[in-house]
Amino acid sequence: MRLSKHFIPTIKENPSEAQIVSHRLMLRSGMIRQSSAGIYIWLPTGLRVMNKIADIVREEQNRAGAIELLMPTIQPAELWQQSGRYDAYGKEMLRITDRHEREMLYGPTNEEMITDLFKNSIKSYKDLPLNLYHIQWKFRDEVRPRFGIMRGREFLMKDNYSFDLDFEGAKESYNKMYVAYLRTFARLGLIAIPVRADAGAIGGDLSHEFQILADTGESTLYYDKEIESFDLDDLTGDIDDETVSKLQSYYAMEEEKHDAENCPVAPENLKTAKGIEVGHIFYFGTKYSESMGAKVAGPDGNEVTVEMGSYGIGVSRLVGALIEANHDENGIIWPESVAPYKVGIINLRFKDENCTAACDALYEKMQNLGIEVLYDDRDAGAGAKFADMDLIGLPWQVVVGPKGLDKGVYELKNRRTGERVELSEEDLLEKLG
RNA sequence: CGGAAUGUAGCGCAGCAUGGUAGCGCGCUUCACUGGGGGUGAAGAGGUCGCAGGUUCAAAUCCUGUCAUUCCGACCA
C-alpha cells in the first residue's frame with residue numbers, strides 16, 4: 001500500500017487524554033480514534049492488527065477442536081431472566097428497549113444464549129463434547145473506562161463455551177483451552193502467565209487468568225520463574241496431560257492472594273511483575289445448564305445436565321497489550337505475526353527520478369512476492385518519514401536513497417534492534433520473502 | 001459509585017483574577033529553496049471559546065444549570 005493513498009493519520013504530539021503508552025501510541029500512529037468514553041473507531045492499521053490477532057486466535061481455537069459460529073450482539077432479556085443474571089448483572093449491562101417495549105440488552109457475554117442454543121439443538125450424549133466459539137463485539141458499561149482500548153466499554157472478544165457429559169470431560173475441555181491459550185499468546189510473542197483466579201460474576205470452581213507481563217499492567221503477579229523457561233514447542237500436536245498438569249502446578253498468584261509466608265516457591269525462584277489480563281478461562285459445571293435446563297440423554301437413557309466451561313480472550317485488548325510489551329521511545333515495535341505490514345519502504349528523495357523509480361520497482365516486486373509492504377511515497381522530509389515509520393512500528397524498514405543506490409544496495413533496518421544492513425535487491429527480497 | 005479536574009482551530013496550549021468582540025506553537029494549503037532523523041523562507045485557510053439560560057451598553061472572561069471528557073480510588077475481557 002502506498003502511504004500517500006492510505007489513511008494513516010499520525011499525530012506528532014501526545015494527545016492529553018492518553019495516559020499510558022499504548023493509548024498514546026495507538027492515537028499517534030493513527031490506529032484508533034475515540035468516539036466516546038471507552039468506545040473507539042478502529043482505523044485501517046489498527047483494524048489490520050486486530051484482524052491478525054483474531055486470525056491467530058481463530059487458528060488455535062480451530063486446532064483445539066472448537067467450532068466457530070456467530071451470535072448476535074443484541075440479546076433478549078428473557079434469557080438472562082432464566083439464568084437469574086438479569087438483575088444480578090447490574091448497571092454494567094447496557095439495557096435497551098425496542099419499539100415493541102420489549103426488553104433487550106447489548107451482550108456483555110454469551111453464556112445464556114449459547115446454553116439456550118445448545119438445549120434447543122443437542123439431545124444426546126453422542127453429540128458431546130461440543131465447544132463453540134465466536135469472535136464478537138461485547139459491551140460492558142464500565143463505571144470508569146480508561147487506558148484507551150485496554151479498558152473500553154465496547155471490545156472485541158473471542159468467547160467460547162464447552163459442553164461435556166461429566167466432570168472428566170469438562171476438565172479435558174478446560175485443559176484443551178488452557179493449552180490453546182498458551183499457544184495463542186506464544187504465537188503473538190507474549191509470555192502469558194496462567195494465574196489461578198476467582199471465577200467472579202461468571203461463577204464456577206476452576207479458573208485461570210492469563211496475564212502478560214508489562215510494566216503498565218494493572219495487577220501485580222508473583223510467580224515461579226520456571227514458568228518462563230517452559231518450552232511451548234512441547235505443546236504442538238496432541239495434548240499431553242502430564243504437560244498440562246506440570247504447567248498448572250507452577251505457582252502464580254495475584255498480589256492479593258499471594259501469601260509470602262506460606263509461598264511454596266523459594267524466594268530466589270519467585271519473580272514479581274506487573275500483568276495485563278488478556279484471557280480468562282472458567283469451568284463452572286452446571287451453573288447455567290441447570291438454571292436453563294440444558295440436558296442430554298446419557299448412555300443409559302437418563303437425562304444428564306451438561307457440564308460447561310467458558311473461555312475468553314480480549315482480542316481488542318491484546319492490541320494494546322502487545323504495544324505495552326513492544327515499544328520504545330520512538331513508537332511501536334510490532335512482532336511480525338501481527339504487524340499491520342511486514343516492511344516499510346522509505347523513499348528519501350521523492351524528487352529524485354532514479355530514487356523514486358527504484359522505490360516504485362522495489363515496491364512492485366515486493367507486492368508480486370506477496371510481501372505486505374507499506375511504501376512511504378510522500379513528498380516529505382527524511383526526518384518526518386523516519387519518525388512516522390518508527391512510530392507505526394513495522395518490523396522492517398527499507399531505506400532507499402542516493403547513497404545506497406550509488407553502491408547498488410538497499411539498506412534494511414530492523415525496527416526492534418535498530419540494526420542496519422546493506423543488501424542487494426536479490427538478498428533483500430530473499431530475506432523478506 | 002465516592003473524590004478531583006478540564007472543555008478556546010485537526011493536535012498541544014495561552015487568554016479568564018481586573019468583562020471591551022480571540023492568540024501562540026505544531027499540523028494543514030500554495031510557492032520557492034531544501035533533502036539520510038520531524039529543514040528554511042514567504043503567503044494563506046481554519047474558531048457558534050462544550051451547550052443553555054442569566055447579569056451587563058458589552059461575556060471566552062462574572063453567575064446558574066447542563067452535557068462531555070480525563071485523572072485518583074472501589075469493581076472488571
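Letters go in sequence order (proteins before strands), and every chain restarts at 1.
Interface remark: the Lys413(A) side chain does form a donor-acceptor pair with the rG37(B) base, using a distance-only criterion of under 3.5 Å. Judged by distance alone, with hydrogens and angles left aside, Glu13(A) brings no side-chain donor or acceptor close enough to the base of rG27(B) to form a pair under 3.5 Å. Taking only distance into account, the side chain of Arg144(A) never meets the base of rG3(B) through a donor-acceptor pair shorter than 3.5 Å. Counting distance only, with no hydrogens placed and no angle test, the side-chain atoms of Asn14(A) and the base atoms of rG12(B) include no donor-acceptor pair under 3.5 Å.
Counting any heavy atom pair closer than 4.0 Å across all strands shown, Asp379(A) reaches a base atom. If you check every strand for non-hydrogen atoms under 4.0 Å, Arg33(A) touches nothing. Within 4.0 Å of Asp390(A), counting heavy atoms only, lies at least one base atom of the nucleic acid. Contacts of Gly401(A) with the nucleic acid, taken as non-hydrogen atoms under 4.0 Å apart, include base atoms. Within 4.0 Å (heavy atoms only), Ala387(A) reaches at least one base atom of the nucleic acid. Among the protein residues, Val315(A) comes within range of no part of the nucleic acid, since none of its heavy atoms lies under 4.0 Å from any strand. Residue-level contact check: Gly90(A) touches neither bases nor backbone, having no heavy atom under 4.0 Å from any strand.
Taking a cutoff of 4.0 Å between a charged side-chain nitrogen and a carboxylate oxygen, Lys171(A) and Asp164(A) do not qualify as a salt bridge.
A cation-pi arrangement is not found for Arg85(A) relative to Tyr288(A), the charged atom failing to lie both closer than 6.0 Å to the ring centre and inside a 45° cone about the ring normal. The side-chain tip of Arg140(A) does not point at the ring of Phe155(A) from less than 6.0 angstrom away and within 45° of straight on.
Following rounding to the nearest Å, Arg153(A) (CZ) and rU70(B) (P) show an atom-to-atom distance of 9 Å. The interatomic distance linking Phe350(A) (CZ) with rC33(B) (C1') rounds to 17 Å, in whole Å. Here rG35(B) presents its P atom at 12 Å from NZ of Lys403(A), a figure rounded to the nearest Å. Rounded to whole angstrom, the span from the CZ atom of Phe147(A) across to the C1' atom of rG73(B) amounts to 12 Å. Taking atom CD on Gln19(A) and atom P on rA5(B), their separation rounds to 17 Å, with Å as the unit. Remark: P of rG37(B) and CD of Glu329(A) are 17 Å apart, rounded to the nearest angstrom. In this structure, Glu353(A) places its CD atom 17 Å from P of rG35(B), rounding to the nearest Å. Per the geometry, CD belonging to Glu17(A) stands 14 Å off P belonging to rC72(B), to the nearest Å.
Proximity of Phe147(A) to Glu218(A): side-chain heavy atoms (C-beta onward) are separated by under 4.5 Å at one or more points.
Listed for the Lys342(A) side chain is a donor-acceptor partner under 3.5 Å among the backbone atoms of Leu432(A). A donor-acceptor contact shorter than 3.5 Å is absent between the side chain of Asp116(A) and the backbone of Glu112(A).
Figure legend. rU29(B) is base-paired to rA43(B); pairs are counted as Watson-Crick or G-U wobble with both atom distances under 3.5 Å. Look at rC13(B): its Watson-Crick or wobble partner, with both distances under 3.5 angstrom, is rG23(B). Using the Watson-Crick or G-U wobble rule with both distances under 3.5 Å, rA4(B) pairs with rU70(B). Pair assignment for rA77(B) gives none, since no Watson-Crick or G-U wobble pairing has each distance under 3.5 Å. Remark: rA52(B) base-pairs with rU64(B); criterion is Watson-Crick or G-U wobble with both hydrogen-bond distances under 3.5 Å.
For Lys91(A), a side-chain nitrogen or oxygen approaches OP1 or OP2 of rC1(B) to under 4.0 Å. Put simply, Gln34(A) has no side-chain N or O that comes within less than 4.0 Å of OP1 or OP2 on rA68(B).
For Glu142(A) and Lys12(A), each mapped to the nucleotide of RNA chain B holding its nearest heavy atom, the one lying further toward the 5' end belongs to Lys12(A). Projected onto RNA chain B by closest heavy-atom contact, Ser316(A) and Phe386(A) fall at different nucleotides, the more 5' of which corresponds to Phe386(A).
rA9(B) and rG15(B) are spaced 15 Å apart, taking the P atom of each and rounding to whole Å.
Taking the six-membered ring where the residue is Trp, Trp137(A) and Trp42(A) present tilted rings, their angle falling between 30° and 60°.
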